[in-house]
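What follows is one structure encoded as structure tokens, with my remarks underneath.
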Amino acid sequence: MHTVIAPAQPFNEGKPRINLPGVYGASPNKPFLYRLPVTGKPPILFECLSGLPGGLSLNESTGILSGTSPAEGHYPVIIKASNALGSDQKILMLRIAPDGICRTPLLGWTSWNACRGAVSQADIQKTAELLVSSGLAAYGYQHVNIDSGWQGEYGGPHNAIQPNNRFPDMKALADSVHRLGLKLGIYSTPMLKAWGGDTFPGCTTGKLDKAYADVYYGIGSDHREANNVCQWEAWGIDYLKYDWAPCDVKNASLMKECLLNSGRDFAFCVTVAAGIENAEYWKTHCSSWRDNEDSNDVWDNVKKRFLTDRWAVFCSPGHFFDLDMLEIGYFDGRRCRLTEDEQVLAFTIRALFPSPIQISCDLEKLTDFDLALLCNDEVLAVNQDALGNGAVCISERVTRNLDRAVQSEMKIYARLLEDQSYAVGFFNLGETETEMTLRLAAGAKARDLWAKKDITCVRDQLAVALAPHTARLIKIKGKIVE
């Protein structure tokens with residue numbers, strides 16, 4: 001059967017619902033900004049019932065928490081949101097620690113699929129406003145990340161890469177995004193030239209360093225990481241996608257040290273070939289990392305997201321393997337070519353693994369299906385679970401016909417959640433409808449998170465039927481019998 005998805009509820013109707021993750025992280029004594037994700041009919045009044053740590057304040061009408069992060073420690077803060085129809089309250093656990101950001105996977109938007117190398121300041125400004133007006137920010141999507149295409153020439157007070165003429169005022173853009181309670185990201189590379197354009201410079205200059213002759217555009221002998229981080233700090237950047245292949249620890253470390261020594265928190269994503277031989281570094285020093293090709297809206301490319309099982313053991317709070325941009329919506333001049341079932345599967349693996357989820361489409365053209373996919377609070381809660389565990393494949397089956405061609409292919413992944421329940425993903429990667437079963441301990445309960453409906457288990461067995469190229473995401477309270 002095809003996966004049933006509950007329709008998205010209007011984000012600006014009904015009593016408040018607070019969509020906080022179980023933990024939110026930041027570094028001590030650095031600028032702090034967080035837009036509390038809350039749905040409900042406006043106006044909504046935001047209150048902190050337990051008192052905020054020193055340096056932070058809450059805007060009661062916008063729900064934007066801002067200021068300077070307190071000293072290292074854990075701060076449980078009780079947040080209440082009220083409107084004419086009722087109220088909701090939840091504990092926001094602030095975890096303040098050195099390099100303590102992104103305790104749960106990043107949620108946001110990135111420009112590459114949507115705009116390619118022609119991205120502009122106007123595109124980013126419009127997208128930031130649409131994240132709020134569409135309701136996506138109310139579900140936790142808070143990053144607006146600029147991919148390659150912003151770069152001009154070296155110069156300015158820090159002798160750093162300056163924006164091209166499509167970005168007339170990067171500081172003003174960052175200030176505008178921050179006023180919305182959102183965060184702004186940027187792209188760069190240690191290569192002499194960045195991908196995405198023939199002339200976009202990277203964070204090294206000078207002569208080719210022969211030690212990195214295998215890097216696509218080469219790495220220069222003159223390192224400008226510190227110059228560029230100073231410039232990004234002055235603009236107010238919050239995230240860096242650092243892109244080269246093969247990725248190496250030395251160049252990642254040079255950039256990471258500069259980011260840590262800056263006056264801001266920077267989420268740090270290393271792409272695109274962060275090999276498993278350096279997994280100990282990535283899992284310790286990177287908010288996220290990639291070792292996969294760019295995503296696109298072709299089924300074979302979607303299937304390649306499943307070549308990541310070996311990375312699950314390296315995921316932990318603050319450090320996540322990145323499955324790249326989400327394939328959904330209208331981008332590159334057309335509607336996504338994947339079927340709705342395939343889009344459900346693509347989202348499910350990111351939610352479950354867990355991976356950062358970055359939308360990369362025109363937010364003005366979101367359909368009801370797009371919103372139902374992006375704004376399912378029960379599915380997003382799995383992605384944002386505070387334990388940060390990777391999902392483990394607990395069952396797989398491949399059958400072939402007489403010609404050895406794959407006839408059916410199924411996988412079941414499970415992940416322990418903070419409340420000691422399990423999120424279980426059923427994936428049919430084959431070409432025929434199939435049924436998957438899972439034995440549960442007596443008394444276990446199951447809920448279909450996409451449909452938002454409880455499931456009846458017969459004789460402690462969960463049976464799930466799936467059409468080709470689709471997935472179901474089930475939450476199980478109780479034990480799974482191996």
Determine whether more than 12 heavy atoms belonging to other residues, nucleotides or ligands lie under 6.0 Å from atom NZ of K90. yes
Cationic N near anionic O, under 4.0 Å, R224 to D222: yes
Establish, from distance only, whether the side-chain atoms of Q231 and Q162 form a donor-acceptor pair under 3.5 Å. yes
Classify the angle between the aromatic ring planes of H143 and Y239 as parallel (below 30°), tilted (30 to 60°) or perpendicular (above 60°). perpendicular
Can you confirm whether or not the ring centre of Y212 sits under 6.0 Å from the ring centre of W244? no
Take the angle between the ring planes of W450 and F347 and call it parallel below 30°, perpendicular above 60°, tilted in between. perpendicular
Sidechain N-carboxylate O distance under 4.0 Å for D175, R179: no
For residues 20-74, which residue pairs pass the ring-ring contact (aromatic ring centres under 6.0 Å, His included) check, not counting sequence neighbours? Y24-F32, Y24-Y34
I'd like to check F369 versus V344 (side-chain heavy atoms, cut-off strictly below 4.5 Å). Are they in contact? yes
What I'd like to find out is whether the side chain of S262 reaches to under 4.5 Å of the side chain of W232, using heavy atoms alone. no
Sidechain N-carboxylate O distance under 4.0 Å for E327, R350: yes
For Q125 and S176, test the side chains for any donor-to-acceptor distance below 3.5 angstrom and give the result as yes or no. yes
Test your reading of the model: is there a side-chain donor-acceptor pair from N83 to the backbone of G86, 3.5 Å cut-off? yes
Does F331 reach the side chain of C336, with side-chain heavy atoms less than 4.5 Å apart? yes
Could you go step by step and tell me if R310 and D291 meet the salt bridge (charged side-chain N to carboxylate O under 4.0 Å, His left out) rule? CA-CA 11 Å; R310 59 184 182 169; D291 187 28; 3.7 Å; yes
Verify whether one side chain among N228 and Y154 offers a donor that lies under 3.5 Å from an acceptor in the other. yes
Pairing of E378 and K475 as salt bridge, 4.0 angstrom limit: no
Ion pair present between K241 and D322, side-chain N to carboxylate O less than 4.0 angstrom? no
As an exercise, state the distance from CG of L106 to OH of Y141, rounded to the nearest 0.5 Å. 11.0 Å
With rounding to the nearest 0.5 Å, note down the distance linking CD in E129 to CD1 in I124. 11.5 Å
Keeping Y330 on the side-chain end and G333 on the backbone end, is there a donor-acceptor pair under 3.5 Å? yes
Quick one: do Y139 and C375 satisfy side chain to side chain contact (heavy atoms under 4.5 Å, CB included)? Show the steps, please. CA-CA 6 Å; Y139 286 92; C375 299; 3.7 Å; yes
If you count heavy atoms of other groups shown closer than 6.0 angstrom to CD of E153, is the number above 12? no
With a cut-off of 6.0 Å (strictly less than), are more than 12 heavy atoms of other residues, nucleotides or ligands near NZ of K193? yes
Under 3.5 Å, is there a donor-acceptor pair between the side chain of N113 and the main chain of N296? no
For the student: nearest non-hydrogen atoms of V249 and W282, plus distance: N-CH2, 4.3 Å
Does F314 have its ring centroid less than 6.0 Å away from the ring centroid of F321? no
Please tell me whether D309 and Y413 have a donor and an acceptor in their side chains that are separated by less than 3.5 angstrom. yes
Short side-chain donor-acceptor distance under 3.5 Å, Y187 and T110: no
I'd like to know if the side chain of T104 and the backbone of Q384 have a donor-acceptor N/O pair within less than 3.5 Å. no
Separation between CZ of R415 and CG of N383, rounded to the nearest 0.5 Å: 7.0 Å
Would you indicate whether L208, at its atom CG, is surrounded by more than 12 heavy atoms from other residues, nucleotides or ligands within a distance under 6.0 Å? yes
Side chains of S87 and L45, heavy atoms from C-beta outward: is any pair under 4.5 Å? no
T189 and D243: side-chain donor and acceptor closer than 3.5 Å? no
Stepwise, does the side chain to side chain contact (heavy atoms under 4.5 Å, CB included) test hold for L352 with F427? CA-CA 11 Å; L352 181 61; F427 298 91; 4.1 Å; yes
Any V177 side-chain heavy atom under 4.5 Å of D238 side chain: no
Tell me the salt bridge (Lys or Arg N to Asp or Glu O under 4.0 Å) pairs involving residues 12-21, sequence neighbours left out? R17-D377
Take atom OH of Y216 as the centre, draw a 6.0 Å sphere, and report whether it contains more than 12 heavy atoms from other residues, nucleotides or ligands. no
Please test D324 against S355 for side chain to side chain contact (heavy atoms under 4.5 Å, CB included), starting from the C-alpha separation and ending with a verdict. CA-CA 8 Å; D324 199 26; S355 165; over 6 Å; no
When you check the side-chain N and O atoms of D169 and Q121, is any donor under 3.5 Å from an acceptor? no
For L192 and T204: C-alpha separation, side-chain torsions, deciding distance, then whether side chain to side chain contact (heavy atoms under 4.5 Å, CB included) applies. CA-CA 6 Å; L192 287 162; T204 62; 4.1 Å; yes
